[in-house]
Amino acid sequence: MWSILYYLRNNPEKLRWSQRARFEDENIIDIAIKLDNKWRKVKNEIDQMKHKLNIVSRKIPRLKDDEYRRAVKEARTLSNIIKQKEKLLSDLSLKREKILRSIPNIIHESVPVGRDETENRPIRYWGKPKVSKKFLDLFLKENGKYNVKYEVTDQNFIGHADLVEQLGLADVRKAGQVAGARFFYLFTDLVLLEMALIRYAIDFLLRKGFVLVEPPFMLRRKPLEGVISFEDFEDMIYKIEKEDLYLIATAEHPLAALHMNETIPKKDLPLLYAGISPCFRKEAGAHGKDTKGIFRVHQFIKIEQFVYSLPEESWEWHEKLIGYAEEIWRELEIPYRIVNICSGDLGAVAAKKYDLEVWMPAQGKYREMVSCSNTTDYQSYRLNIRYSVSRGGPSEGYVHTLNSTAIATTRALTAIIENYYVPEEKKIRVPKVLKGYLESYSDLLNVLVLD
RNA sequence: GCCGGGGUGCCCGAGUGGACUAAGGGGUGGGCCUUGAGAGCCCAUGUCCUUUAUGGGACGCCCGGGUUCGAAUCCCGGCCCCGGCGCCA
């Protein structure tokens with residue numbers, strides 16, 4: 001049974017608590033309960049009337065003359081009453097479904113309760129960030145109370161936006177003229193580095209047992225509604241004019257839709273998919289944020305981890321997915337921290353979310369590179385994805401779905417650029433794990449150095 | 001884009017206005033049989049509702065409307081798939 005409906009009928013207090021933790025309307029739960037009860041009552045009434053009608057209707061072909069006419073008349077009357085009542089029911093049913101779907105995912109107990117991103121909780125650190133003196137206070141204020149090693153330096157780091165321009169790696173200004181803000185042209189070195197990142201992430205996930213998928217880059221509204229919430233539509237989704245098609249904002253969307261309306265045999269779970277796709281985002285809710293460079297852009301390429309799991313295994317998988325992302329960033333040798341996103345900052349879809357934030361020396365901050373969510377049955381309910389004991393058997397419940405970034409190219413590039421820039425040489429060193437992918441181009445590289 | 005054919009359960013496939021069961025086969029789960037396996041036989045195998053019943057009921061044949069006492073079946077609109085033509089990286 002869908003968890004929202006289960007708790008609505010058996011333990012509504014849990015839903016009220018979740019709503020409170022999210023700083024969202026608690027009354028919606030009681031409205032939903034009332035609507036659900038009313039709907040069930042009316043449905044039951046109609047079912048009984050339909051039963052009567054079916055009995056009359058079925059005997060009609062065996063009747064003659066007066067009996068026949070009487071029965072038809074009775075059936076007609078019943079039929080009309082039912083039709084009227086059904087209008088009420090379909091109305092109720094729509095309202096009920098709408099309100100049920102508007103309830104955000106139930107937050108997990110381990111999610112810190114907090115109002116906004118300032119209350120997100122760092123849970124572990126890796127690496128030793130180099131902190132410029134001018135950022136030290138800020139750094140300590142945010143991270144000082146946690147177990148973090150760091151190194152104070154006199155060095156003044158240059159931001160990636162300035163670097164790519166100075167080194168001729170990208171042209172954001174020209175892209176602005178031809179496409180608008182938050183677009184970019186990347187040139188040889190950066191494109192090759194991007195390709196290397198992609199190849200690296202793909203190879204990494206293939207070794208972990210993921211099935212590599214290139215999904216549709218556009219989706220119809222129906223499947224998209226199953227994987228994102230209404231706000232997401234407004235804030236991030238581009239629509240194709242005059243068609244029922246939307247550009248995907250991440251491979252998560254088509255990967256979740258891959259098993260739409262299916263019942264998956266238990267023994268096939270978990271299903272692990274590594275998606276590769278471009279991602280298109282309006283970034284509508286981000287005016288003025290990260291306007292320079294290629295940190296926050298309208299399009300990028302992303303390698304995404306996506307898992308369908310049994311409900312009882314999804315929390316284990318959540319830890320594994322963030323673990324894989326961490327492995328990737330450890331291998332790239334860039335300091336990071338893992339943040340447990342607090343209740344108020346959690347989107348409607350996720351029950352719990354970890355961000356992996358890497359150290360950006362020029363900003364003096366950790367910045368999000370990876371977002372790893374357990375969406376439990378939020379998406380699987382909407383997309384009708386269940387699991388069963390055996391192939392073709394009756395379903396036992398909804399699967400859980402999880403998603404996590406492996407590598408989002410433009411962001412990963414900014415992290416590499418800032419962390420691997422060697423000012424004395426005006427060069428960018430290539431992380432060890434990527435060298436193998438770039439060796440064959442070594443004589444063509446202008447700014448990247450393989451050592 | 002145009003013309004033609006099609007969409008039935010987990011799969012194949014019958015059914016073109018009314019049998020209180022969507023035939024039949026396959027798959028899957030369980031049982032019987034067997035020293036064990038296989039074969040064979042039996043049962044089960046969509047969703048929802050029902051103040052919980054070895055119970056009862058509604059719905060379900062691509063989606064949405066309509067006609068009818070009654071629709072998988074007839075009508076209208078949409079989506080998708082296959083074939084042919086056109087266009088095309």
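Labels below follow one simple rule: chain letters A, B, ... track the order of the sequence lines, proteins then strands, and each chain is numbered from 1.
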Heavy atoms only, 4.0 Å cut-off, all strands: where does [X] land among base, sugar-phosphate and nothing?
X	value
A/Ser395	sugar-phosphate
A/Arg9	sugar-phosphate
A/Asp244	nothing
A/Arg62	nothing

Residue that, paired with A/Tyr246, satisfies ring-ring contact (aromatic ring centres under 6.0 Å, His included) out of A/Phe280, A/Tyr238, A/Phe233: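 Per the ring-ring contact (aromatic ring centres under 6.0 Å, His included) rule, the option paired with A/Tyr246 is A/Phe233, out of A/Phe280, A/Tyr238, A/Phe233.
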From A/Arg9, A/Lys43, A/Lys95, residue fulfilling salt bridge (Lys or Arg N to Asp or Glu O under 4.0 Å) relative to A/Asp36: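 Testing each of A/Arg9, A/Lys43, A/Lys95 against A/Asp36, the sole residue satisfying salt bridge (Lys or Arg N to Asp or Glu O under 4.0 Å) is A/Arg9.
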Mate of [N] where both pairing distances stay under 3.5 Å, Watson-Crick or G-U:
N	answer
B/A44	B/U28
B/A71	none
B/G1	B/C85
B/C33	none
B/G55	B/U50

A/Lys14/A/Glu109 under salt bridge (charged side-chain N to carboxylate O under 4.0 Å, His left out): CA gap, chis, key distance, verdict: CA-CA 10 Å; A/Lys14 174 142 181 150; A/Glu109 303 90 59; 3.5 Å; yes
Check every atom of [options] against the side chain of [X] and return the nucleotide holding the closest atom.
X	options	result
A/Ser390	B/G29, B/G57, B/G18	B/G29
A/Ile60	B/G18, B/G57, B/C79	B/G18
A/Lys50	B/C59, B/G57, B/G70	B/C59
A/Lys83	B/U68, B/U47, B/A58	B/U68
A/Trp39	B/C69, B/A58, B/C48	B/C48
A/Pro61	B/C69, B/G57, B/G18	B/G18

What is the separation between atom [atom1] on [X] and atom [atom2] on [N], rounded to the nearest whole Å?
X	N	atom1	atom2	result
A/Met49	B/G57	CE	P	17 Å
A/Asn54	B/A71	CG	C1'	12 Å
A/His51	B/G57	NE2	P	5 Å
A/Leu53	B/C20	CG	P	15 Å
A/Lys52	B/A58	NZ	P	13 Å
A/Lys266	B/U28	NZ	C1'	14 Å
A/Arg76	B/G70	CZ	P	9 Å
A/Ile82	B/U68	CD1	C1'	14 Å

Whether A/Trp315 and A/His318 hold their rings parallel, tilted or perpendicular, with breakpoints at 30° and 60°: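 Perpendicular.
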Plane angle bin for A/Tyr381 and A/Tyr398 - parallel if under 30°, tilted between 30 and 60°, otherwise perpendicular: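 Because their plane-to-plane angle is over 60°, the rings of A/Tyr398 and A/Tyr381 count as perpendicular.
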Toward the 5' end of RNA chain B, by each residue's nearest nucleotide, A/Arg40 or A/Arg386: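 Looking at RNA chain B, the more 5' nearest nucleotide goes with A/Arg386.
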Comparing A/Gln48 and A/Glu396 on RNA chain B - which has the more 5′ nearest nucleotide: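 Its nearest nucleotide being more 5', the pick is A/Glu396.
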Span that lies between the [atom1] atom of [M] and that of [N], in whole angstrom:
N	M	atom1	result
B/G56	B/G17	P	32 Å
B/G18	B/G70	C1'	7 Å
B/C20	B/G30	C1'	29 Å
B/G1	B/C75	C1'	27 Å
B/A39	B/G31	P	16 Å
B/G86	B/A22	P	48 Å
B/G55	B/C62	P	30 Å
B/U21	B/G7	P	23 Å

A/Phe183 vs A/Tyr185, ring pair (Phe, Tyr, Trp, His ring centres under 6.0 Å): CA-CA, chis, key distance, verdict: CA-CA 7 Å; A/Phe183 285 96; A/Tyr185 287 94; 9.9 Å; no
N/O donor-acceptor pair under 3.5 Å between A/Ser57 side chain and A/Asn54 backbone: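 No; judged by distance alone, with no hydrogens or angles, the pair does not exist.
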